[in-house]
Trainee: 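Pasting a structure here, questions to come.
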Amino acid sequence: MLASASYDDTVKLYREEEDDWVCCATLEGHESTVWSLAFDPSGQRLASCSDDRTVRIWRQYLPGNEQGVACSGSDPSWKCICTLSGFHSRTIYDIAWCSLTGALATACGDDAIRVFEEDPGSDPQQPTFSLTAHLPQAHSQDVNCVAWNPKERGLLASCSDDGEMAFWKYQRLEGL
């Protein structure tokens with residue numbers, strides 16, 4: 001599966017067919033340019049971020065799923081199951097889903113980095129996420145990129161229009 005973000009406000013999903021890639025789904029819901037995408041560790045969910053200042057969580061539903069979500073032939077269907085809005089004041093340029101913890105980090109045009117975690121016990125069909133960290137002046141200009149270290153739990157890298165890279169150690173406080 002290949003996913004692409006687009007200036008046409010959509011996410012396109014592609015599957016390999018023989019020696020070519022074919023579009024098997026177009027995800028609509030953002031109201032402006034989609035800048036970045038990140039699959040969760042299972043590959044069953046996809047996070048997208050946009051110029052519309054929202055993060056959307058999409059879930060894959062296979063044909064014959066228990067939830068009754070309609071699919072076209074043998075292709076899975078994707079549905080937006082959560083929208084995070086009201087947290088970002090400017091464009092969200094990048095999103096990263098940590099394969100070790102499940103935390104989501106965002107890079108924003110307001111010079112900030114934010115980290116979200118899925119609320120324990122939330123409904124998998126309509127999950128809820130909480131803001132668990134906010135670094136308001138992580139950089140002196142737009143934050144363009146965030147990336148979790150694949151081996152060291154909680155280690156996050158960021159880069160910015162200010163020409164700097166920064167490394168952050170994220171640790172969720174107990175009881176949150």
Trainee: Is the closest side-chain heavy-atom distance between Pro76 and Leu62 below 4.5 Å?
Mentor: yes
Trainee: Do the side-chain N and O atoms of Arg153 and Gln171 include a donor-acceptor pair separated by under 3.5 angstrom?
Mentor: no
Trainee: For the atom pair CH2 (Trp97) and CG (Leu104), what is the distance rounded to the nearest 0.5 Å?
Mentor: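 Result: 5.0 Å between the selected atoms.
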Trainee: According to side-chain contact (heavy atoms from CB on, under 4.5 Å), who are the partners of Arg15, at least two apart in sequence or on a separate chain?
Mentor: Glu17, Val22, Cys24, Asp75
Trainee: Could you list the residues that satisfy side-chain contact (heavy atoms from CB on, under 4.5 Å) with Glu28, not counting sequence neighbours?
Mentor: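 Partners of Glu28 by the side-chain contact (heavy atoms from CB on, under 4.5 Å) criterion, ordered by chain and then number, come out as Thr10, Thr26.
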Trainee: Of all residues at least two apart in sequence or in a different chain, which pass the side-chain contact (heavy atoms from CB on, under 4.5 Å) check with Ser72?
Mentor: none
Trainee: Suppose we screen for ring pair (Phe, Tyr, Trp, His ring centres under 6.0 Å). Which residues come up paired with Tyr7, at least two apart in sequence or across chains?
Mentor: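 Here the qualifying residues are Trp35.
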Trainee: Taking all heavy atoms of Pro41 and all of Cys98, pick out the closest pair and write down the distance.
Mentor: CG-O, 3.7 Å
Trainee: Taking the side chain as C-beta and beyond, is there a heavy-atom pair between Arg59 and Gln125 under 4.5 Å?
Mentor: yes
Trainee: Going by distance alone, is a donor N or O of one side chain under 3.5 Å from an acceptor N or O of the other, for Thr33 and Asp51?
Mentor: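 No, no side-chain donor-acceptor contact under 3.5 Å.
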Trainee: Give, for atom NE2 of His30 and atom SG of Cys80, the distance between the pair rounded to the nearest 0.5 Å.
Mentor: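 His30 atom NE2 to Cys80 atom SG measures 7.5 Å (nearest 0.5 Å).
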Trainee: Taking the side chain as every heavy atom from C-beta outward, state whether Tyr61 and Ile81 have any atom pair closer than 4.5 Å.
Mentor: yes
Trainee: What pairs of donor and acceptor atoms, side-chain ones from residues 82-89 against any protein atom, are under 3.5 angstrom apart with sequence neighbours left out?
Mentor:
{"unit_1": "Thr83", "atom_1": "OG1", "unit_2": "Arg56", "atom_2": "NH1", "d": "3.2"}
{"unit_1": "His88", "atom_1": "NE2", "unit_2": "Thr106", "atom_2": "OG1", "d": "2.8"}
{"unit_1": "Ser89", "atom_1": "OG", "unit_2": "Asp110", "atom_2": "OD2", "d": "3.3"}

Trainee: Output the distance between atom CD (Glu16) and atom CG (Leu2), rounded to the nearest 0.5 Å.
Mentor: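 Interatomic distance, Glu16 CD to Leu2 CG, rounded to 0.5 Å: 9.5 Å.
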Trainee: Roughly how far apart are Ser130 OG and Asp119 CG, rounded to 0.5 Å?
Mentor: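 So the OG of Ser130 and the CG of Asp119 are separated by 3.5 Å.
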Trainee: Roughly how far, to the nearest 0.5 Å, is the CG atom of Leu135 from the OH atom of Tyr170?
Mentor: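 Spacing of OH (Tyr170) from CG (Leu135) equals 10.5 Å.
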Trainee: So Ser6 and Lys12, do their side chains get closer than 4.5 Å, heavy atoms only?
Mentor: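 No, side chains not in contact.
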Trainee: Under 4.5 Å between side-chain heavy atoms, chaining through other members, with only Ile, Leu, Val, Met, Phe, Trp and Tyr counted: pull out the rest of the cluster around Phe39, sorted by chain and number.
Mentor: Met1, Val11, Leu13, Leu27, Val34, Leu37, Leu46, Trp58, Trp78
Trainee: Within the 3.5 Å criterion, strictly below it, is a donor on Asp94 or Ser36 matched to an acceptor on the partner's side chain?
Mentor: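 Side-chain D/A pair, Asp94 to Ser36: present.
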